[in-house]
Amino acid sequence: MKTKAIITDLDRTLLRTDKSISDYTMEVFQRCRERAVRVMVATARPIRDIPEFQKQIVFDAVTATNGAVIELPDRRIEYGICRESGEKILDGLLRFPDVFLSVETSGGLYSNREIPEWEPVVYTDFPKLPDNVMTYKILASSGRRELYDGIGTVLTDDVYHTVSNRDLVQIMDRKATKWNGVCRMLAGFGISPCDAVYFGDDNDDIEPIRNCGLGVAVSNAIPAVLEAADCIADSNDDDGVARYIEKNILR
């Protein structure tokens, strides 16, 4: 295949464990751009986090918040959870013991507890949602199994959920998927998924890994991703994405 686009997840895939990007990786992606290969990102991170990494690797398009926000050169596409569904879900989640809740919105992150590294607005009115914002994603975690065993009982028909890092429940609108974001990004440049390479490590990367022309898992990926991938690259801490690109695409 002739690679026309490279799409990569960020955390535990492109980023090292300390969240850094090596000079080597930046140089490899610059060489991709010089060869007219489009560079895109698909991440669970919110769109507000992207400028930090955009300074180091210039992305042609971005899928953020698991596909709830898609940033193209000429427009932004958003898929939010409707207020009625969101408040019904939050009401159900609050019935689980020791539940830790956050809501990612167009106005920032709201949480029922302090999270020093994320600096959310501490919000005490759940299940009522904040006013005048679009709800992109509901996040829930707990130190007890009841949440993970019973999550399906509180979801509405217009949402789905994934579990990240084996303990963080993420709930999004059904249209807010990484795969939908990937399709939208590629279509914006007239590129077929068959001509794209996707790199990932977690559950929400499985669909694009299976459906792009080539799906690559980093070696530190969860077992289901390793099984779904066409190829396996070195780990994120060993610059696996960049090393795979240099050896198999740029050469």
Side-chain angles (χ1 to χ4, degrees), residues 9-11 19 40-54 59 61-96 98-142 147 151-165 167-185 188 202-204:
D9 173 48
L10 287 177
D11 293 279
K19 309 305 180 185
M40 307 176 188
V41 66
T43 178
R45 283 179 177 254
I47 196 71
R48 66 177 181 275
D49 282 0
I50 301 305
E52 172 187 355
F53 305 110
Q54 183 84 336
F59 302 118
V62 174
T63 290
T65 323
N66 299 87
V69 182
I70 303 161
E71 195 81 69
L72 300 170
D74 60 344
R75 67 191 185 282
R76 175 181 284 191
I77 302 167
E78 297 175 307
Y79 299 109
I81 300 171
C82 77
R83 177 173 290 272
E84 181 181 2
S85 293
E87 292 183 347
K88 182 176 180 180
I89 292 164
L90 286 165
D91 183 64
L93 290 171
L94 285 168
R95 298 172 191 271
F96 292 108
D98 192 35
V99 69
F100 187 179
L101 289 178
S102 297
V103 177
E104 186 66 53
T105 77
S106 57
L109 184 69
Y110 294 78
S111 177
N112 65 350
R113 301 182 194 175
E114 289 278 2
I115 314 174
E117 63 270 31
W118 290 357
E119 299 181 348
V121 174
V122 176
Y123 186 77
T124 58
D125 289 340
F126 293 135
K128 183 181 183 295
L129 283 165
D131 293 327
N132 304 315
V133 294
M134 178 180 285
T135 299
Y136 295 142
K137 177 164 62 171
I138 296 171
L139 301 152
S141 62
S142 174
L147 170 66
I151 184 63
T153 65
V154 305
L155 301 183
T156 54
D157 291 340
D158 53 343
V159 303
Y160 76 102
H161 84 285
T162 65
V163 179
S164 177
N165 294 329
D167 66 352
L168 181 64
V169 175
Q170 304 180 98
I171 301 167
M172 287 78 58
D173 179 87
R174 284 196 174 275
K175 295 183 289 296
T177 68
K178 280 192 177 182
W179 174 236
N180 184 46
V182 166
C183 291
R184 289 281 193 152
M185 291 191 297
D202 211 341
N203 284 309
D204 55 6

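Just so you know, these numbers use all the heavy atoms, side chains as well, and skip hydrogens, waters and symmetry mates. Because the structure is a prediction, the values reported are computed rather than measured.
Listed by first then second residue, pairs satisfying ring-ring contact (aromatic ring centres under 6.0 Å, His included) with a partner in residues 101-134 read Tyr110-Tyr123, Tyr123-Phe126, not counting sequence neighbours. For residues 129-140, the salt bridge (charged side-chain N to carboxylate O under 4.0 Å, His left out) pairs, not counting sequence neighbours, are Arg83-Asp131, Lys128-Asp131. Evaluation of the salt bridge (charged side-chain N to carboxylate O under 4.0 Å, His left out) test over residues 109-118, restricted to residues two or more places apart or in two chains, returns Asp98-Arg113.
The CD1 atom of Ile77 sits 8.0 Å away from atom CG of Asn180, with the distance rounded to the nearest 0.5 Å. Here the CD1-CD1 distance, from Ile47 to Ile70, works out to 10.0 Å after rounding to the nearest 0.5 Å. With values rounded to the nearest 0.5 angstrom, Ser164 atom OG is found 8.0 Å from Asn66 atom CG. Lys19 NZ to Leu10 CG: the interatomic distance, rounded to the nearest 0.5 Å, is 9.5 Å. Distance check, rounded to the nearest 0.5 Å: CZ of Phe59 to OG1 of Thr43 gives 9.0 Å.
Applying the salt bridge (Lys or Arg N to Asp or Glu O under 4.0 Å) rule to Asp91 yields the partners Arg95; only residues at least two apart in sequence or on another chain are considered. Taking Thr177 as the reference, nothing meets the side-chain hydrogen bond (donor to acceptor under 3.5 Å, both in side chains) condition, with sequence neighbours excluded. Asp49 meets the side chain to side chain contact (heavy atoms under 4.5 Å, CB included) test with Arg45, Pro46; sequence neighbours excluded. Residues meeting the salt bridge (Lys or Arg N to Asp or Glu O under 4.0 Å) test with Arg184, sequence neighbours left out: none. Scanning for salt bridge (Lys or Arg N to Asp or Glu O under 4.0 Å) contacts around Asp202 gives an empty result, with sequence neighbours left out. Residues forming a side-chain hydrogen bond (donor to acceptor under 3.5 Å, both in side chains) with Asp173 (at least two apart in sequence, or on another chain): Lys175. Judged as a side chain to side chain contact (heavy atoms under 4.5 Å, CB included), and not counting sequence neighbours, the contacts of Lys88 are Thr156. Partners of Glu78 under the side-chain hydrogen bond (donor to acceptor under 3.5 Å, both in side chains) rule, at least two apart in sequence or in another chain, are Tyr136.
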Test side chain to side chain donor-acceptor pair (under 3.5 Å) applied to Thr162 and Asp204, step by step: CA-CA 7 Å; Thr162 65; Asp204 55 6; 5.0 Å; no
Side chain to side chain contact (heavy atoms under 4.5 Å, CB included) assessment of Val41 paired with Phe53: CA-CA 10 Å; Val41 66; Phe53 305 110; over 6 Å; no
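Between Met172 and Thr65, the shortest heavy-atom contact is CG-O, 4.3 Å. Asp167 and Val163 get closest at one heavy-atom pair: N-CG1, 3.7 Å. Contact record, Ala42 with Val182: CB-CG2, 4.4 Å, taken as the closest heavy-atom pair. Summarising the geometry of Ile115 relative to Pro120, their closest heavy-atom pair is O-CD, 3.3 Å, with the distance given to 0.1 Å. Nearest heavy-atom pair, Leu90 versus Pro127, reported as atom, atom and distance to 0.1 Å: CD1-O, 3.6 Å.
A donor-acceptor contact shorter than 3.5 Å links the side chain of Tyr160 to the backbone of Ala176.
Residues Ile151 and Leu93 have side chains in contact (heavy-atom distance under 4.5 Å, counting atoms from C-beta outward). Side-chain contact check for Asp9 versus Lys178: some heavy-atom pair is nearer than 4.5 Å.
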Just list the side-chain donor-acceptor pairs under 3.5 Å for residues 100-108, sequence neighbours left out, or say none.
from   : atom 1 : to     : atom 2 : distance (Å)
Ser102 : OG     : Ser111 : OG     : 3.2
Glu104 : OE1    : Arg48  : NH2    : 3.4
Glu104 : OE2    : Arg48  : NH1    : 2.3
Thr105 : OG1    : Gly107 : N      : 2.9
Thr105 : OG1    : Gly108 : N      : 3.2
Thr105 : OG1    : Gly108 : O      : 2.7
Ser106 : OG     : Met134 : N      : 2.8

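The neighbour count for Gln54 CD, taken as heavy atoms of other residues, nucleotides or ligands under 6.0 Å away, is above 12.
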